[in-house]
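What you see is a predicted model; the values in this text were computed from it and never measured. Count residues from 1 along the sequence.
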Amino acid sequence: RNRYKRNLERVKHIKAKSNATKRLLLNHYNLKTPIRVAKSPVISNEINFLECSTNKIIGFNKKELIIGYLGRQEPHKNPLFLIQLATQLHLQGYKVKLEIVGSGSVNSRLRTVAREEGFQLTDWGRVNDWSCIVSKWNFCIVPSIREPLGLVPAETIMVGTLSLSSNIDG
């Protein structure tokens with residue numbers, strides 16, 4: 001750690017790939033060096049489905065939306081956003097079915113909150129071939145709070161499922 005700090009203190013400017021990296025450098029290494037962040041745009045997790053033009057493009061209807069979450073269920077991946085999104089859609093008149101594939105430390109909390117909020121949640125657990133499950137979803141959310149765009153959006157798109165990612169860097 002000290003060796004990295006010494007090397008970082010020698011440079012006049014640092015260019016970080018994200019605000020998360022900048023915070024890490026400032027907090028972890030207590031740097032005084034100016035740090036500039038290079039931003040890359042990602043889809044925002046603040047979505048108003050009544051005004052979103054994708055409703056017409058991908059044929060959402062009020063009968064039922066299947067929203068999925070694929071991957072590790074850990075706090076920094078923000079899987080509880082799935083319930084927040086379902087609540088927003090429910091208030092807009094959608095019948096929402098939730099599905100999760102994967103496991104992690106917040107799995108039981110996710111199931112409990114979904115049940116408390118009155119949502120049907122199918123927990124597939126860890127599976128070897130998730131593609132047949134995910135291909136039936138209307139969309140997959142990737143609501144990470146401190147990670148960059150990863151493999152999940154690309155993989156879900158490859159099976160024909162729309163992927164919505166949070167507007168975050170990491």
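Between the side chain of Gln73 and the backbone N or O of Gly102 there is at least one donor-acceptor pair closer than 3.5 Å.
Residues satisfying the side chain to side chain donor-acceptor pair (under 3.5 Å) criterion with Arg126, sequence neighbours excluded, are absent altogether. For Arg109, the salt bridge (charged side-chain N to carboxylate O under 4.0 Å, His left out) criterion is met by no residue, not counting sequence neighbours. In this view, Glu74 and Ser105 satisfy the side chain to side chain donor-acceptor pair (under 3.5 Å) rule, not counting sequence neighbours. In terms of the salt bridge (charged side-chain N to carboxylate O under 4.0 Å, His left out) criterion, Glu155 has no residue partners (sequence neighbours excluded). For Ile14, the side chain to side chain contact (heavy atoms under 4.5 Å, CB included) partners two or more places apart in sequence, or in a different chain, are Leu8, Val11, Leu25, Leu31, Thr33, Ile35.
Residues Val159 and Val101 are members of one and the same hydrophobic cluster, defined by side-chain heavy-atom contacts under 4.5 angstrom among Ile, Leu, Val, Met, Phe, Trp and Tyr. Under the 4.5 Å side-chain heavy-atom criterion for Ile, Leu, Val, Met, Phe, Trp and Tyr, Met158 and Leu164 are members of distinct hydrophobic clusters. Side-chain heavy atoms closer than 4.5 Å link hydrophobic residues (I, L, V, M, F, W, Y) into clusters, and following such links, possibly through other members, connects Val127 to Val134.
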Under 3.5 Å donor-acceptor pairs involving side-chain atoms of residues 111-119, not counting sequence neighbours:
residue : atom : partner : partner atom : Å
Arg111  : NE   : Asn107  : OD1          : 2.7
Arg111  : NE   : Asp123  : OD2          : 3.3
Arg111  : NH2  : Asn107  : OD1          : 3.0
Thr112  : OG1  : Ser108  : O            : 2.9

side-chain contact (heavy atoms from CB on, under 4.5 Å) evaluation trace for Ile100 with Trp124:
CA-CA 6 Å; Ile100 54 175; Trp124 293 94; over 6 Å; no
Can Leu110 and Ile83 be said to form a side-chain contact (heavy atoms from CB on, under 4.5 Å), step by step?
CA-CA 8 Å; Leu110 186 59; Ile83 309 301; 4.0 Å; yes
Could you walk me through whether Trp130 and Leu70 pass the side-chain contact (heavy atoms from CB on, under 4.5 Å) check?
CA-CA 9 Å; Trp130 49 262; Leu70 172 66; 4.0 Å; yes
Go through Glu99 and Ile133 one step at a time and tell me if the side-chain contact (heavy atoms from CB on, under 4.5 Å) criterion holds.
CA-CA 9 Å; Glu99 295 192 3; Ile133 298 167; 3.5 Å; yes
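Note that the CG atom of Leu85 and the CD1 atom of Ile67 stand 4.5 Å from one another [nearest 0.5 Å]. Expressed to the nearest 0.5 Å, how far CD of Gln120 lies from NZ of Lys97 amounts to 5.0 Å. The CG atom of Leu65 lies 5.0 Å from the CG atom of Asn138; values are rounded to the nearest 0.5 Å. In this structure, Phe139 CZ and Thr156 OG1 are separated by 11.5 Å, a value rounded to the nearest 0.5 Å. Note that CG of Leu82 and OH of Tyr69 are 9.0 Å apart. Values are rounded to the nearest 0.5 Å.
Residues Ala86 and Leu98 share a closest heavy-atom pair of CB-CD2, 3.8 Å. For Ser135 against Thr161, the heavy-atom pair with the smallest separation is CA-OG1, 3.5 Å.
Under the 4.5 Å side-chain criterion, counting only non-hydrogen atoms from C-beta, Cys140 is in contact with Val152. In this structure, Glu64 and Tyr94 have side chains that are not in contact, with every pair of non-hydrogen atoms separated by 4.5 Å or more. Annotation: side chain of Pro153 is in contact with side chain of Val142 (closest heavy-atom distance under 4.5 Å).
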